[in-house]
Amino acid sequence: MNGSSTDDQSTTTETTSTVAAPVTMTPPIGSAGSVVLDQEQGLEAESRKLPSSRFKGVVPQPSGRWGAQIYEKHQRVWLGTFNEEHEAAKAYDTAVQRFRGRDAVTNLKLLPLDTEEARLEASFLNSRSKAEIVDMLRKHTYNDELEQSKRNKSLQKNPFTDRFGSGKTANAREQLFEKAVTPSDVGKLNRLVIPKQHAEKHFPLQIGNSSKGVLLHFEDIGMKVWRFRYSYWNSSQSYVLTKGWSRFVKEKNLKAGDIVSFQRSTGPDKQLYIDWKTKSASSNMNPEPIQPIRPVQMLRLFGVDILSGDNDNT
DNA sequence: ATTTGTGTTGAG
DNA sequence: TCAACACAAATG
């Protein structure tokens, strides 16, 4: 049934190949019915015994392939069959993270904390039901769907048309507020003053945290995450972004009068976003654009996204 | 004709 | 919860 195609799941060089490519020790010759296989470690008497997998959630198949399964409430959930043992292990890893959370024990998956890849995949995982994830794994389409999700996310992040055009919020992000930065906001003070009105409305501080401050995560247009310390300064009775702010000013080459804007995801994740633009023109006028936006690429992505409608999501 | 993946059991 | 085993159901 799934003999070939849709094989592009892992990063290994496993290309599409039918069962006729047995690189491993498992001989796919004939089904494990009663075929006697000598040469196999001299275990003639147990020739029909299947080899155990060293991976959790992975079981051998009589065909020589590997099945993946996970248990939930005394019940097995089948995750599909795979040509390679590690492919099945990967499927289990994905499933177990969706079923039991980020801290679940996995077989192979390194847990690159704090990387954008990890964030995107975590977001993608939770945006789908368990059944949907299982379906993707069984059909070997999980990686494709994940990549497509990433593309959509990056499109969704592009606010240029929205904010410079009509200012309407058609995205899954809501505009919180904007501020024209002052000379001191981009100067040596290394801090951004957040107007009290907006600060108290959108970034409320706990009573205990007001002096100490909290760490806020913002994502920019290039999906780069910025971490700013946010606190209240009693001396000036103002709310400020301090640690981390100067790096943003430097990288974006912010000048006095430029506009910084803050958004927040309308979804349940409450992800915060930060962006900027020059006073009277688009940010493309930046002499050193670190994250150059290419309208051409954006359009191309749009086209691909719209045209690739061959998914059979339930 | 093959292979899947479910039914089932027993160990941990 | 987990995998080993057997085999009816599913698939080609």
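A, B, ... follow the sequence lines: proteins, then strands. Residue 1 opens every chain. Small disclaimer: the values here were computed from a predicted structure and weren't measured. Below, each value reflects all heavy atoms present in this structure, side chains not excepted, and no hydrogens, waters or symmetry copies.
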Just how far, in rounded Å, is [atom2] of [N] from [atom1] of [X]?
{"X": "His74(A)", "N": "dT9(B)", "atom1": "NE2", "atom2": "P", "value": "14 Å"}
{"X": "Phe99(A)", "N": "dT1(C)", "atom1": "CZ", "atom2": "C1'", "value": "14 Å"}
{"X": "Phe82(A)", "N": "dT3(B)", "atom1": "CZ", "atom2": "P", "value": "17 Å"}
{"X": "Leu79(A)", "N": "dG5(B)", "atom1": "CG", "atom2": "C1'", "value": "11 Å"}
{"X": "Leu137(A)", "N": "dT4(B)", "atom1": "CG", "atom2": "P", "value": "16 Å"}
{"X": "Asn83(A)", "N": "dT2(B)", "atom1": "CG", "atom2": "P", "value": "17 Å"}
{"X": "Lys49(A)", "N": "dA6(C)", "atom1": "NZ", "atom2": "P", "value": "11 Å"}
{"X": "Gln75(A)", "N": "dC2(C)", "atom1": "CD", "atom2": "P", "value": "14 Å"}

Set of side-chain contact (heavy atoms from CB on, under 4.5 Å) partners for Ser52(A), sequence neighbours left out = none
What do you reckon, are the aromatic ring centroids of Phe177(A) and His202(A) less than 6.0 Å apart?
-> yes
Distance test, side-chain N/O of [X] to OP1/OP2 of [N], below 4.0 Å:
{"X": "Arg138(A)", "N": "dG5(B)", "result": "yes"}
{"X": "Ser63(A)", "N": "dT4(B)", "result": "yes"}
{"X": "Lys56(A)", "N": "dC2(C)", "result": "yes"}
{"X": "Thr81(A)", "N": "dT3(B)", "result": "no"}
{"X": "Arg65(A)", "N": "dT4(B)", "result": "yes"}

Pick the nucleotide of DNA chain B nearest each of Trp78(A) and Tyr71(A); which residue has the one closer to the 5' end?
-> Trp78(A)
Less than 4.5 Å apart, any side-chain heavy atom of Ser261(A) and any of Trp276(A)?
-> no
Answer yes or no: is there a side-chain heavy-atom contact under 4.5 Å between Leu272(A) and Leu176(A)?
-> yes
Choose from dT4(B), dA4(C), dT1(C) the nucleotide whose nearest atom is closest to any side-chain atom of Pro60(A).
-> dA4(C)
Check: dG5(B) base within 3.5 Å donor-acceptor of Gln69(A) side chain = no
Establish whether the base of dG5(B) is bridged to the side chain of Arg76(A) by a donor-acceptor pair shorter than 3.5 Å.
-> no
Using a cut-off of 4.0 Å on non-hydrogen atoms, how would the nucleic acid contact of Glu72(A) be classed: base, sugar-phosphate, or nothing?
-> sugar-phosphate
Touch class at under 4.0 angstrom, heavy-atom based, for Ser52(A) against every strand present | sugar-phosphate
Flag the pair Arg191(A) and Asp185(A) as a salt bridge only when some basic side-chain nitrogen lies within less than 4.0 angstrom of an acidic carboxylate oxygen.
-> yes
Do Lys90(A) and Glu87(A) sit within salt-bridge range, that is, some charged N less than 4.0 Å from a carboxylate O?
-> no
In terms of the nearest nucleotide of DNA chain C, which residue is placed more toward the 5' end: Gln61(A) or Val58(A)?
-> Val58(A)
Could you measure between the two C1' atoms, the one in dA6(C) and the one in dG12(B), and give it in whole Å?
-> 22 Å
